[in-house]
Amino acid sequence: MNYLNSLNSAQKDAVENIDGPLLVLAGAGTGKTRVLTTRLAHVLNTHKAMPGELLAVTFTNKAAMEMKERVSHLMGGMPVEGWWLGTFHALAGRMLRRHADLVGLSSNYTIIDPDDAQRLIKQLMEVNSIDVKKNLPKVAIAMIDRWKDRALTPDKITTEEADDFANGKMISLYTQYQDRLKTLNACDFGDLLLHMITIFQTHQDVLDQYHRRFRYIMVDEYQDTNVAQYLWLRLLAQKSKNICVVGDDDQSIYGWRGAEVGNILRFEQDFENARIIKLEDNYRSTQNILNAADGVIAHNEKRLGKTLRSQKGTGDNVIVHGLWDGEAEARWVGEQIEQLQRQGVNNSEMAILVRASFMMREFEERFITLHIPYRVIGGPRFYERMEIRDALAYLRVTAQPHDDLALERILNTPKRGLGNTTVQRLYDHARTAEISLHESIWQLCETDDLKPKQRETLLSLMKDFERWRAAIETTPHPELAGIILDESGYMEMWKADKSVESQGRIENLKELVSAMADFESLAQFLEHVALVMEAQENDSADKVTIMTLHGAKGLEFDCVFLPGWEEGLFPSQRSMDENGLKGLEEERRLAYVGLTRARERAFVTHVANRRTYGNWVNAIPSRFIEELPEDAIESSSDIQPRSMHWDSSGFNPAPKAFIARTETANGLKVGGRVKHPSFGEGTILVIDGNKLDIIFDRMGRKRVLESFIEAV
DNA sequence: CCGGGGTCCATTTTT
DNA sequence: TGGACCCCGG
């Protein structure tokens with residue numbers, strides 16, 4: 001097989017060891033994806049299994065898509081439809097469609113998104129007279145999510161675990177939440193796995209069916225699995241024992257979301273006669289970068305341990321640089337970027353990886369003034385946008401009348417005069433009669449509980465939905481979606497809207513409608529959208545990337561900037577307070593992930609003064625900086641020794657006097673209309689020396705240099 | 001149904 | 001510091 005020739009011996013070993021449990025411990029940049037895809041192709045090529053007999057699991061849709069493409073390519077363009085290759089959630093969801101009745105759902109159940117889940121728990125908390133200000137619904141839903149991560153159904157929660165939150169009613173709330181979901185014929189993300197585990201544990205015949213089907217199981221990013229995912233895999237693998245997991249314990253950074261590093265650390269004990277193959281040849285980074293990363297991660301106690309060997313040579317030292325404050329840091333990074341540009345590095349080969357998103361703004365502002373093109377990763381996703389969620393709600397109610405959450409969302413959108421009082425009355429009736437909102441509306445419209453105006457509006461809306469529903473059979477679904485958005489007045493609402501964003505929203509809606517054409521039916525589209533819909537990145541321009549360290553996992557760049565390496569920020573204080581040593585070790589893994597994203601150059605910075613929540617605080621360099629091996633780094637600092645004298649009070653004056661003015665030397669005034677060569681027109685908000693804060697009509701608020709601005 | 005003003009609060013977020 | 005949320009007055 002010629003595809004084996006390009007692999008090193010450890011990789012080849014991992015590809016050819018097909019039977020029995022196998023852990024591939026794949027360090028950063030050691031060709032993990034390549035091993036996984038080649039192995040899959042190898043199983044097929046050696047006729048050990050047919051495509052339908054393989055189960056391949058990833059965490060992200062992106063990873064799943066990439067894997068499909070690469071395997072298909074290796075197999076000479078073999079079609080991948082119908083393969084059991086996807087995310088945990090997509091695969092479990094697909095199984096659950098077939099067996100939904102075993103957990104009291106019907107197969108057309110809806111998958112609710114985190115936003116709906118939060119609204120649902122909030123409603124329940126209010127019904128239970130829990131003060132939702134003191135007990136944030138966000139926290140309640142997080143508790144439930146964490147329980148689900150550990151495969152704990154309400155009956156398995158101990159009083160101790162539920163603690164005092166929500167007047168000690170969390171267990172009951174969890175039960176009510178699950179009941180409510182069942183009534184709604186809905187699942188949240190965690191349920192997809194949890195229900196399947198329940199089914200496997202209570203219906204041996206169903207489990208047998210999958211045992212017969214799946215001869216080989218492969219799992220990517222195993223270090224990020226939670227208990228539920230682990231149990232699901234274990235149940236599926238217990239017969240064939242042919243399970244191959246790939247991962248890196250040093251890159252486990254989602255513990256706060258329920259991931260258990262323990263799963264990968266324990267693999268040998270969990271699966272008898274398991275083999276471990278370590279991939280330690282690194283094809284990505286220079287040895288200096290690897291030494292730096294290794295020096296940091298070596299301080300962690302709980303790890304399997306491996307040492308990366310660069311196949312690229314020593315390279316440059318990792319730069320460590322201290323600066324006065326965040327502004328100086330952004331300025332310095334900007335200068336380095338300009339210098340690298342002059343050396344011929346593409347913008348798209350440079351990235352700023354921050355610990356927390358609030359740190360992004362300072363870089364954005366600086367890049368705007370310097371005209372460095374950049375892209376921020378981590379804004380709201382396509383399907384999280386208001387207009388998309390609204391449109392989906394219309395489609396969901398059309399497809400499934402009893403989807404209460406969707407119906408509630410659009411009942412008064414666009415405004416129809418159905419205010420809070422009406423909705424509350426409908427809900428009260430629904431609850432007492434134990435019926436859905438949809439039924440409740442029909443019933444109440446036959447009484448005179450509601451005012452005639454509301455009754456008419458509701459009846460007309462319900463008739464609209466009936467009409468659209470009837471059209472599902474006869475009208476192609478993208479066309480139907482267009483009709484719905486039109487006839488409901490939703491599209492009109494945005495067309496009439498004069499705000500800056502409305503044009504973008506209309507375009508998003510059009511994009512949604514055209515995206516539907518890729519699916520066979522409305523139902524199939526809705527199934528897909530809940531789990532998979534992503535913002536399409538049609539932005540191929542050459543830009544510097546600004547993103548969080550978490551977002552950067554799996555990516556690589558020539559040059560990586562790692563700002564904010566300060567105690568309290570990185571490692572994050574909260575992480576350490578809440579999770580102690582475990583938290584600190586996860587932060588350290590984050591540092592490891594950050595450094596190993598770099599191919600050629602890495603720049604670590606820290607500042608002496610960081611502004612957080614509006615006040616200035618002194619900062620000391622992160623302990624991770626001390627952990628960097630001296631001979632792999634080159635250290636310098638702009639911080640004047642003088643600055644060390646006035647610390648400790650916690651209340652320092654701002655580093656620079658800020659004198660507010662209302663007019664610039666050239667006569668531009670606050671409130672005046674101006675024009676910028678790349679951002680278009682806007683209004684001056686604040687004047688700060690030669691810098692202006694301007695609200696641009698199309699781009700929002702930005703800080704720019706006066707020299708680029710002219711009055712309109 | 002809207003906007004003004006006060007208050008409270010702050011990480012990371014694959015599905 | 002600034003954004004999200006809520007209450008109240010028009």
Side-chain angles (χ1 to χ4, degrees), chain A residues 57-66 86-93 111-115 117 122 132-134 136-139 141-142 145-146 148-149 187-193 220-221 223-226 228-229 251-259 326 353-362 377-381 383-384 412-421 528-534 547-555 564 568-579 583 586-587 589-591 593-594 610-617 654 658 686 693 701:
Chain A
V57 198
T58 64
F59 272 83
T60 65
N61 295 302
K62 200 175 149 207
M65 270 166 53
E66 192 183 329
T87 64
F88 276 101
H89 292 88
L91 294 167
I111 300 167
I112 66 165
D113 61 44
D115 214 76
K122 187 177 174 204
V132 290
K133 277 197 181 134
K134 290 194 180 115
L136 297 172
K138 194 170 88 171
V139 176
I141 202 69
D145 284 344
R146 293 297 83 76
K148 290 187 177 180
D149 287 341
C187 273
D188 64 18
F189 286 151
D191 283 338
L192 297 170
L193 279 145
D220 193 14
E221 306 275 18
Q223 77 281 353
D224 286 332
T225 50
N226 60 34
Q229 289 157 341
Q251 291 186 65
S252 164
I253 55 175
Y254 284 104
W256 50 277
R257 276 185 62 143
L353 307 182
V354 298
R355 176 63 183 84
S357 36
F358 77 84
M359 297 166 63
M360 292 176 175
R361 206 181 50 203
E362 216 136 21
I377 311 268
R381 286 150 204 288
Y383 70 88
E384 281 167 1
N412 200 29
T413 312
K415 306 270 183 258
R416 302 187 171 89
L418 299 172
N420 232 322
T421 342
H528 175 85
V529 87
L531 288 172
V532 181
M533 192 90 179
E534 287 183 62
M547 69 196 311
T548 64
L549 286 161
H550 283 90
K553 197 168 71 157
L555 304 179
L569 181 59
F570 189 41
S572 127
Q573 194 57 50
R574 185 157 156 197
S575 220
M576 295 185 290
D577 289 348
E578 285 175 8
N579 297 304
E586 183 155 312
E587 294 288 307
R589 291 193 290 267
L590 210 42
V593 168
R610 177 78 58 189
R611 195 165 54 167
T612 38
Y613 311 138
N615 3 324
W616 290 92
V617 282
F658 173 81
V686 177
D693 275 14
R701 185 172 174 164

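Source: prediction; values computed, not measured. So you know, we letter chains A, B, ... as the sequences are listed, proteins then strands, and number each from 1. Atoms considered below: every heavy atom in the structure, side chains included; atoms not considered: hydrogens, waters and symmetry mates.
Closest approach to the Phe189(A) side chain among dT14(B), dT15(B), dT1(C) is made by dT15(B) (side chain taken as heavy atoms from C-beta onward). With dT15(B), dT12(B), dC6(C) as the candidates, the nucleotide lying closest to the side chain of Arg257(A) is dT15(B). Candidate nucleotides dC2(B), dT1(C), dT12(B) were compared by shortest atom distance to the side chain of Lys415(A), and dC2(B) ranks first. Of all nucleotides listed (dA10(B), dT12(B), dT14(B)), dT14(B) comes nearest to the side chain of Phe59(A). The side chain of His89(A) lies closest to dT15(B), out of dA10(B), dT14(B), dT15(B). When each of dT14(B), dT12(B), dT15(B) is scored by its nearest atom to the side-chain atoms of Thr87(A), the top-ranked nucleotide is dT15(B). In the set dA10(B), dT15(B), dT12(B), the nucleotide with an atom closest to the side chain of Asn61(A) is dT15(B). Of all nucleotides listed (dT13(B), dC6(C), dT14(B)), dT13(B) comes nearest to the side chain of Trp256(A). Among the nucleotides dT12(B), dT1(C), dC6(C), the one closest to the side chain of Lys122(A) is dC6(C). In the set dG2(C), dC6(C), dT15(B), the nucleotide with an atom closest to the side chain of Arg361(A) is dG2(C).
If you measure from atom CD of Glu586(A) to atom P of dT13(B), you get 13 Å, rounded to the nearest angstrom. Put simply, CD1 on Ile377(A) is 14 Å from C1' on dT14(B), counting in whole angstrom units. One can place CG of Asp188(A) at 20 Å from P of dT13(B), the figure rounded to the nearest angstrom. One atom, CG of Leu418(A), and another, C1' of dC1(B), lie 13 Å apart when rounded to the nearest Å. Between Leu590(A) atom CG and dT13(B) atom C1' there is a gap of 12 Å when expressed in whole angstrom units. Across the protein-nucleic acid pair, Lys148(A) atom NZ and dT13(B) atom P stand 22 Å apart, rounded to whole Å. As a whole-Å value, the separation of Met576(A) CE from dT12(B) P is 16 Å. Regarding Glu362(A), its CD atom lies at a distance of 14 Å from the C1' atom of dG2(C), rounded to whole Å.
We find that Lys148(A) and Asp191(A) are joined by a salt bridge, their nearest charged nitrogen and carboxylate oxygen being less than 4.0 Å apart. With salt bridges taken as basic N to acidic carboxylate O contacts below 4.0 Å, one links Asp149(A) and Arg146(A).
Counting any heavy atom pair closer than 4.0 Å across all strands shown, Arg589(A) reaches no nucleic acid atom. Within 4.0 Å (heavy atoms only), Ser575(A) reaches at least one base atom of the nucleic acid. Nucleic acid contact for Asp113(A): none, since no nucleic acid atom lies under 4.0 Å from a heavy atom of the residue. Using a 4.0 Å heavy-atom distance criterion, Glu587(A) is classed as a base contact. Contact annotation for Tyr254(A): base contact, defined as any heavy-atom pair under 4.0 Å involving a base atom.
Side-chain atoms of Asp224(A) do not come within 3.5 Å of backbone N or O of Ala259(A) as any donor-acceptor pair.
dT12(B) and dC5(C) have their C1' atoms separated by 23 Å, given to the nearest Å.
Between His89(A) and Phe189(A), the shortest heavy-atom contact is CD2-O, 3.2 Å. Shown here for Glu586(A) and Trp256(A), the closest heavy-atom pair between the two residues is OE2-CD1, 3.0 Å.
With sequence neighbours left out, Glu66(A) forms a side-chain contact (heavy atoms from CB on, under 4.5 Å) with Thr33(A), Arg70(A). By the salt bridge (Lys or Arg N to Asp or Glu O under 4.0 Å) test, Arg416(A) is found to be paired with no residue, residues two or more places apart in sequence or in another chain being considered.
Each of Arg416(A) and Pro571(A) has a nearest nucleotide on DNA chain B; the 5'-most of these lies closest to Arg416(A). Each of Asn412(A) and Leu569(A) was matched to the nucleotide of DNA chain B holding its nearest heavy atom; the match closer to the 5' end belongs to Asn412(A).
Look at Ser357(A) and you'll find a side-chain N or O under 4.0 angstrom from OP1 or OP2 of dT12(B).
dA10(B) has Tyr613(A) stacked on its base ring, the centres lying under 5.5 angstrom apart and the planes within 30 degrees of parallel.
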